Amino acid sequence: MESTGLRIHWQPPSESAQSEQLIYGIHRTLFGDCLIAKTAIGICQLELFDRLSPTEARQYVQATWPKADIEDQPTATIAIAQQLFCHAAKDPDPLCLHVRSTVLQQQVWQSLLQIPRGATTTYQALAVAIGRPKAARAVGNAVGKNPIAYLIPCHRVVRQSGELGGCRWGRDRKQQLLAWEAECF
DNA sequence: ACCGATCCACAAA
DNA sequence: TTTGTGGATCGGT
């Protein structure tokens with residue numbers, strides 16, 4: 001319900017060479033240090049870490065977007081961090097995402113957006129949903145490349161066997177997010 | 001050609 | 001019952 005306003009600008013990887021203006025900030029949240037980066041178009045990165053120092057953050061963002069002109073500007077991202085992990089966020093501002101993806105990644109990530117809050121699905125089910133029933137593993141790879149934590153809810157995907165499955169930002173964090181969502185139902 | 005946020009069947013303990 | 005192992009699978013680099 002909170003994802004009513006989520007517009008996504010998809011960009012093919014072939015355009016990855018172009019340089020961009022990019023600002024970012026680190027913010028303390030319930031789930032660790034949240035790194036948020038955005039372009040003029042929208043949020044292009046949203047990742048969670050146990051701890052992320054300012055220098056690490058800068059290096060990390062620069063490594064992810066080698067051609068971009070980046071600038072630490074937390075005042076521009078703090079509002080996003082605040083509205084994200086809050087039950088009572090009423091009238092959340094519509095957010096815009098700016099993501100670069102392959103065709104499969106776009107299919108998979110769009111499927112992720114349809115998993116309701118508090119629910120989970122499996123890598124296998126996602127594979128079936130996009131018409132590639134044998135590609136569970138490739139789907140897992142695509143899920144694992146999601147650069148927008150929480151808003152594109154990759155944490156809601158578990159193994160067919162019921163095991164938790166992997167997580168780019170650590171299994172603990174995946175577990176935390178799921179527990180939190182189950183709780184505030 | 002190699003690597004994965006997978007899955008399944010089947011063997012061994 | 002539980003744990004381990006090997007093979008199938010397939011997109012990304």
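Bear in mind the structure is a predicted one, so any value in this text is a computation, not a measurement.
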Between [options], which nucleotide gets closest to the side-chain atoms of [X]?
X: A/Leu104; options: C/dC10, C/dG12, B/dT6; value: C/dG12
X: A/Gln160; options: B/dC7, C/dG11, C/dC10; value: B/dC7
X: A/Ala136; options: B/dT6, B/dA5, B/dG4; value: B/dT6
X: A/Tyr123; options: B/dC7, B/dG4, C/dC10; value: B/dC7
X: A/Ala138; options: C/dG12, C/dC10, B/dC7; value: C/dC10
X: A/Arg137; options: C/dG12, B/dG4, B/dA5; value: B/dG4
X: A/Trp169; options: B/dA5, B/dC7, C/dT9; value: B/dA5
X: A/Ala135; options: C/dC10, B/dA5, B/dC7; value: C/dC10

### Message
Strictly by ring-ring contact (aromatic ring centres under 6.0 Å, His included), give each pair with a member in residues 50-71 of chain A just once, sequence neighbours left out.
### Response
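Every ring-ring contact (aromatic ring centres under 6.0 Å, His included) pair that includes a residue of residues 50-71 of chain A, provided the two are not neighbours, is A/Phe49-A/Tyr60.
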Starting at atom [atom1] of [X], determine the distance to atom [atom2] of [N], rounded to an integer number of angstrom.
X: A/Arg159; N: B/dA5; atom1: CZ; atom2: C1'; value: 8 Å
X: A/Leu164; N: B/dT6; atom1: CG; atom2: P; value: 11 Å
X: A/Gln105; N: B/dA5; atom1: CD; atom2: C1'; value: 13 Å
X: A/Lys134; N: C/dC10; atom1: NZ; atom2: C1'; value: 11 Å
X: A/Glu163; N: C/dG4; atom1: CD; atom2: C1'; value: 13 Å
X: A/His155; N: B/dA5; atom1: NE2; atom2: C1'; value: 14 Å
X: A/Leu112; N: B/dA5; atom1: CG; atom2: C1'; value: 11 Å
X: A/Asn146; N: B/dA5; atom1: CG; atom2: P; value: 13 Å

#### Entry: Between CG on residue A/Leu178 and NE2 on residue A/His155, distance to nearest 0.5 Å
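Reported value, rounded in 0.5 Å steps: 5.5 Å.
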### Task
Look only at the side chain of A/Arg100 and the backbone of A/Pro13, and say whether a donor-acceptor pair between them is shorter than 3.5 Å.
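No, A/Arg100 side chain to A/Pro13 backbone: no donor-acceptor pair under 3.5 Å.
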### Task
State whether the side chain of A/Gln124 and the backbone N or O of A/Pro133 hold a donor-acceptor pair below 3.5 Å, judged by distance alone.
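Between the backbone of A/Pro133 and the side chain of A/Gln124 there is a qualifying donor-acceptor contact (under 3.5 Å).
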### Query
With both distances under 3.5 Å as the test, what is the Watson-Crick or G-U wobble partner of B/dA12?
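Paired with C/dT2.
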### Query
Is a salt bridge present between A/Arg156 and A/Glu181, judged by a nitrogen-to-oxygen distance below 4.0 Å?
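Answer for the salt bridge query: yes.
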### Task
Mind checking A/Arg171 for me? I need base, sugar-phosphate or nothing, with any heavy atom below 4.0 Å counting as a touch.
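Here A/Arg171 touches no strand at all.
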### Query
Is A/Thr102 touching bases, backbone alone, or none of the nucleic acid, heavy atoms closer than 4.0 Å?
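Sugar-phosphate contact only - A/Thr102 comes under 4.0 Å of backbone atoms but never of a base.
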